[in-house]
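Only heavy atoms go into these numbers, but all of them, side chains included; no hydrogens, no water, no symmetry mates. A note on names: the letters A, B, ... follow the listed sequences, proteins ahead of strands, and every chain is numbered from 1.
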There are 2 protein chains.
Amino acid sequence: MGDSSQEESALVKKNVVHLGECVEIMNSLPEKSVDVIFADPPYNLQLAGELTRPDNSKVDAVNNDWDKFDSFRAYDEFTWNWLKAARRVLKENGTLWVIGSYHNIYRVGALLQNLDYWMLNDVIWRKSNPMPNFRGRRFTNAHETMIWVAKSKTSKYTFNYESMKALNDDIQMRSDWLLPICNGGERLKNSEGDKAHPTQKPESLLHRVILSSTKPGDVILDPFFGTGTTGAVAKKLGRQFIGIEQDQEYVKIATKRISQVKQLDDINLVSIEQKREQPRIPFGTLIERGLLEPGTTLYGPKKKYSAKVRADGSLISNEFQGSIHKVGAMVQGASACNGWTYWHMDAEGREVCIDVLRQQVRAEMTN
Amino acid sequence: MGDSSQEESALVKKNVVHLGECVEIMNSLPEKSVDVIFADPPYNLQLAGELTRPDNSKVDAVNNDWDKFDSFRAYDEFTWNWLKAARRVLKENGTLWVIGSYHNIYRVGALLQNLDYWMLNDVIWRKSNPMPNFRGRRFTNAHETMIWVAKSKTSKYTFNYESMKALNDDIQMRSDWLLPICNGGERLKNSEGDKAHPTQKPESLLHRVILSSTKPGDVILDPFFGTGTTGAVAKKLGRQFIGIEQDQEYVKIATKRISQVKQLDDINLVSIEQKREQPRIPFGTLIERGLLEPGTTLYGPKKKYSAKVRADGSLISNEFQGSIHKVGAMVQGASACNGWTYWHMDAEGREVCIDVLRQQVRAEMTN
DNA sequence: GGACGTGTTGAATCGCCCA
DNA sequence: ATGGGCGATTCAACACGTC
């Protein structure tokens, strides 16, 4: 640290994208010169075969050479190497973010611990619009995981607690963040109109990462720069960045993109209002939480129809089974039905609409 | 497998809690005898009194002069051992769930992959009422992570897709679950009125785990049984369980707790019929049974294409002949097609999907 | 020019049975 | 073991064209 490091630092080109392999370039940077590292490494997806949607259209999967590894061992070695190089350039009080999915994040997390990084949080990016599970064979893979670590247990790292609280309607920011995936106008396209990069991250995600863990003027390094979301948001928020990317095409795209970004006039005014989320309460929640016993009989208006509740939140009437909405529609011969207002239960002699129970759960969930 | 395994199985006491160390007890069970394992392993090393160093010397948590590397090594070895024993007792088509936090889950996940378990999902339990971060130095740690794995890539594991969809108001269940932590009347207290166990899991969480990945009658093993939430919910939902717990006090508490649980009256209430398990009805059956006359014209959507039914259950269009699926695919130029939902017929002026006829046959067959 | 309907798309480890 | 046939399967957001 100190003078010599600052002198060296001055020689490093900031706010540009360096073309090349990230370990090599990181090793060419002065040690302990970077405040925060954000890394979006290859996920090692191990995809095989093709996947089609129910309408027979083909899913455009990640099929790039940079995501292909021969084995977990090879992926671990790759990961170890870049984490080690990252550690060298990171300041003692710096922090590092890595994003990944279940394919790779457990390996990354274990290696971070082995390298004496100190875990501060794991943060779940909940996607508001994930790709569905087309075959119905698993749960919809609706999130990605970010691990946030300090260089050591004793690091005096930056965490802008008040900014995060302000961003979250004056409630502490939680470790699960609901944000949309990157599409629409933000998604960069190539000359053919296809997506320029298969895994471009949304700016809203980087916005929260950078606001939470850096100060204005801090240097943010991204060793897998891609189309440069980290650089674009860093510039916008008055931070500096060092981008490393080994694909010349991506370097070109990112450079152009960032040149069009304007730094915000007053960073202190930055705030993306966050509406407090009104959680959706599915009917099944009432059963899981014991507010309604499986086997309970529900009635339609005037007790014309009845159906029984099952443990999975489906209803069963004489002929039909399905959700409260579906069975409600079917007994009436209607095309649709709001089951919440249609079905009632006996509660101490009185008919109670099941929507009352939902309001009860919602009150508990938002308190 | 087969007879000998069944004989052995008969000797294993089910629906009871076994007192002892989980690896030892799992190794005493017959191999490939368990459908699902749910594990909530300790991650506070102080709790894991049995930890040994790789050289088999005891880790002394009180005089902990061992460094961090040793501690991760010890935790990995502990984890490796129980995952290995779990793998032996798990059926080929069985699945395993592990729950943990950022302290341990990355080590567990990496070891699962190293042991050739095949990841199906990681599932985020979002706590609706997490403990706040009192010092305001990090994000509120508001979730825990569950990893769901099959024994191998080729396992034919159980996933009750329709049940999960029903539970979630007819939308695919996502990988992030919002559920409250265990407190109130559900939280077991000791004689002093303190919580009986530090990490008692909510029954709602196990309800969803068990409904999603087991059939009624399946055997669920929990090697870190604690106060027996897994057993309580398994019994309620008509599943069997094998509990293993090394603390005599917990065994007592869990046993008493489960004895007070009642199984739901009707096992049929427990799970809606999964479409994939319905009997297969060949298209030709409709003709044989007189529900469809040979020579009838069927139409694709918007009557864009048509084809005629022949007596042997094949279709013939202008150019193609073959099964309802093949002809459906060929007229569209698609690689595949579900003929049951593609083809429609005129019935008294209305378009009727031929799948309706299949449902009629199914109803007749089950009555 | 808004309402509505149609079409496209996104880091995805996405069948099973039987001959 | 392996290949072919049966037949199961999608949510939210955005773009675009029509009325």
Side-chain angles (χ1 to χ4, degrees), chain A residues 40-64 66-69 72 99-105 125 127-145 178 180-187 189 193-195 197-202 224 226, chain B residues 93 113 117-122 148-150 152-157 159 161-162 165 168-175 274-278 280-284 301-302 313 322-326 328-329 334-343 354-355 358:
Chain A
D40 182 10
Y43 286 8
N44 190 23
L45 286 185
Q46 304 177 251
L47 301 179
E50 283 188 355
L51 180 64
T52 54
R53 299 186 175 83
D55 65 3
N56 278 330
S57 63
K58 212 177 98 184
V59 173
D60 182 16
V62 176
N63 188 27
N64 303 64
W66 48 254
D67 195 45
K68 292 187 168 57
F69 295 85
F72 282 132
I99 184 167
S101 66
Y102 66 82
H103 310 84
N104 70 322
I105 199 68
W125 169 27
K127 302 180 185 183
S128 57
N129 47 351
M131 192 184 303
N133 186 291
F134 296 117
R135 288 288 145 102
R137 302 302 300 172
R138 304 177 176 195
F139 299 100
T140 305
N141 189 6
H143 73 275
E144 292 187 24
T145 300
L178 181 65
I181 61 173
C182 179
N183 59 12
E186 190 187 325
R187 188 84 194 214
K189 303 291 197 305
D194 299 321
K195 55 190 175 191
H197 191 284
T199 71
Q200 187 184 340
K201 294 293 175 287
F224 307 99
Chain B
N93 293 330
Q113 292 178 315
Y117 286 101
W118 186 247
M119 284 200 189
L120 299 170
N121 280 112
D122 53 356
W148 183 41
V149 294
S152 75
K153 192 174 176 175
T154 54
S155 292
K156 288 171 208 151
Y157 57 90
F159 177 57
Y161 175 73
E162 282 86 2
K165 197 167 168 176
N168 195 38
D169 275 7
D170 281 338
I171 294 168
Q172 286 190 339
M173 187 68 80
R174 296 168 43 115
S175 55
Q274 307 293 308
K275 272 197 189 145
R276 289 182 165 86
E277 288 154 19
Q278 292 180 3
R280 200 176 70 83
I281 311 288
F283 178 68
K302 297 179 197 165
S323 71
I324 53 171
H325 313 295
K326 244 189 184 163
S335 62
C337 167
N338 183 345
W340 289 108
T341 52
Y342 182 76
W343 295 107
I354 60 171
D355 201 30
R358 180 169 63 160

Checklist line | Spacing of the P atoms in C:dC14 and D:dG5 (rounded, Å) | finding: 23 Å
Item checked: Atom-pair distance (CG on B:Asn93; P on C:dG15), nearest Å -> 15 Å
Notebook entry, point to check: NA contact type, B:Gln172, heavy-atom cut-off 4.0 Å: base, sugar-phosphate, or nothing?
Noted result: sugar-phosphate
Checklist line | Whichever of A:Pro180 and B:Tyr161 has its nearest DNA chain D nucleotide further upstream toward 5' | finding: B:Tyr161
Note to self: Can you list everything that forms a ring pair (Phe, Tyr, Trp, His ring centres under 6.0 Å) with A:Phe69? Sequence neighbours excluded, please.
What the structure shows: A:Tyr75, A:Phe78
Margin query: Can you check the distance between C:dA11 and D:dA15, where both ends of the measurement are the C1' atom (answer in whole Å)?
Written below: 23 Å
Next item on the list: Provide, to the nearest angstrom, the distance between the CZ atom belonging to A:Phe72 and the P atom belonging to C:dT13.
Entry: 13 Å
Checklist line | Pairing residues for A:Ala61 by the side chain to side chain contact (heavy atoms under 4.5 Å, CB included) criterion, not counting sequence neighbours | finding: A:Leu47
Check: At under 4.0 Å between heavy atoms, what does A:Thr140 touch on the DNA or RNA strands: base, sugar-phosphate, or nothing?
Finding: nothing
Item checked: Annotated protein contacts, base or backbone, on nucleotides 6-12 of chain C with a non-hydrogen cut-off under 4.0 Å, one of B, S, - each -> ---BBBB
Item checked: Partner residues of B:Trp118 under the ring pair (Phe, Tyr, Trp, His ring centres under 6.0 Å) criterion, sequence neighbours left out -> none
Checklist line | Residues forming a salt bridge (charged side-chain N to carboxylate O under 4.0 Å, His left out) with B:Asp122, sequence neighbours excluded | finding: none
Note to self: Going by the rule salt bridge (charged side-chain N to carboxylate O under 4.0 Å, His left out), which residues pair with B:Lys165 if we only count those two or more places apart in sequence or in a different chain?
What the structure shows: none
Check: Please, which pairs that meet salt bridge (charged side-chain N to carboxylate O under 4.0 Å, His left out) have at least one residue in residues 41-61 of chain A, sequence neighbours excluded?
Finding: A:Glu50-A:Lys58, A:Asp60-A:Lys195
Next item on the list: Using a heavy-atom cut-off of under 4.0 Å over every strand shown, decide if B:Ile171 touches base, sugar-phosphate, or nothing.
Entry: sugar-phosphate
Note to self: Rounded to whole Å, how long is the line connecting atom CD of B:Glu277 with atom C1' of C:dG15?
What the structure shows: 13 Å
Notebook entry, point to check: Which is the 5'-most and which the 3'-most nucleotide of DNA chain D that has an atom under 4.0 Å from a heavy atom of chain A?
Noted result: D:dA8 to D:dA15
Check: What integer number of Å spans the C1' atoms of C:dG1 and D:dC16?
Finding: 15 Å
Check: With a non-hydrogen cut-off below 4.0 angstrom, is B:Arg174 in contact with a base, only sugar-phosphate, or nothing?
Finding: nothing
Margin query: Please report the distance separating the C1' of C:dC17 from the corresponding atom of C:dT13, rounded so that it comes out in whole Å.
Written below: 23 Å
Check: How long is the line joining CH2 of B:Trp118 and C1' of C:dC14, in whole Å?
Finding: 11 Å
Next item on the list: Could you pull out all residues at least two apart from B:Arg174 that satisfy salt bridge (charged side-chain N to carboxylate O under 4.0 Å, His left out)?
Entry: B:Asp176
Margin query: Say we look at D:dC6 and C:dA12: how far apart would their C1' atoms be, to the nearest angstrom?
Written below: 24 Å
Margin query: Does B:Lys275, at its NZ atom, have more than 12 non-hydrogen atoms belonging to other residues, nucleotides or ligands within less than 6.0 Å?
Written below: no
Margin query: Taking B:Ser155's backbone N and O only, do any of them form a donor-acceptor pair with B:Asn93's side chain (distance below 3.5 Å, no angle check)?
Written below: no
Note to self: Quick check: closest heavy atoms across A:Thr199 and A:Arg187, and the distance to 0.1 Å?
What the structure shows: N-NH2, 3.7 Å
Item checked: Within-4.5 Å side-chain heavy-atom neighbours: B:His325 and B:Asn338 -> yes
Checklist line | Carboxylate-amine/guanidinium proximity below 4.0 Å for A:Lys127 and A:Glu144 | finding: yes
Margin query: Test of understanding: with ring pair (Phe, Tyr, Trp, His ring centres under 6.0 Å), list the residues that count as partners of B:Trp148, not counting sequence neighbours.
Written below: A:Phe139, B:Trp97, B:Tyr157, B:Phe159
Notebook entry, point to check: Using a 3.5 Å cut-off on both pairing distances, which stems of three or more Watson-Crick or G-U pairs include DNA chain C?
Noted result: C:2-10 with D:11-19, C:15-19 with D:2-6
Short N/O separations, protein against nucleotides 16-19 of chain C, under 3.5 angstrom:
residue : atom : partner  : partner atom : Å
C:dC16  : OP1  : A:Arg137 : NH2          : 2.6

Check: Hey, does A:Arg137 have a side-chain heavy atom less than 4.5 Å from the side chain of B:Tyr161?
Finding: no
Margin query: For the C1' atoms, the ones on C:dG7 and on D:dT10, what distance do you get once it is rounded to whole angstrom?
Written below: 14 Å
Notebook entry, point to check: Under the rule syn = chi within 90° of 0, otherwise anti, which is D:dT9?
Noted result: anti
Check: Looking for any heavy atom pair under 4.0 Å, which part of the strands does B:Thr341 touch: base, sugar-phosphate only, or nothing?
Finding: nothing
Checklist line | Atom of A:Asn104, atom of A:Pro41 and distance for their closest heavy-atom approach | finding: ND2-CG, 4.3 Å
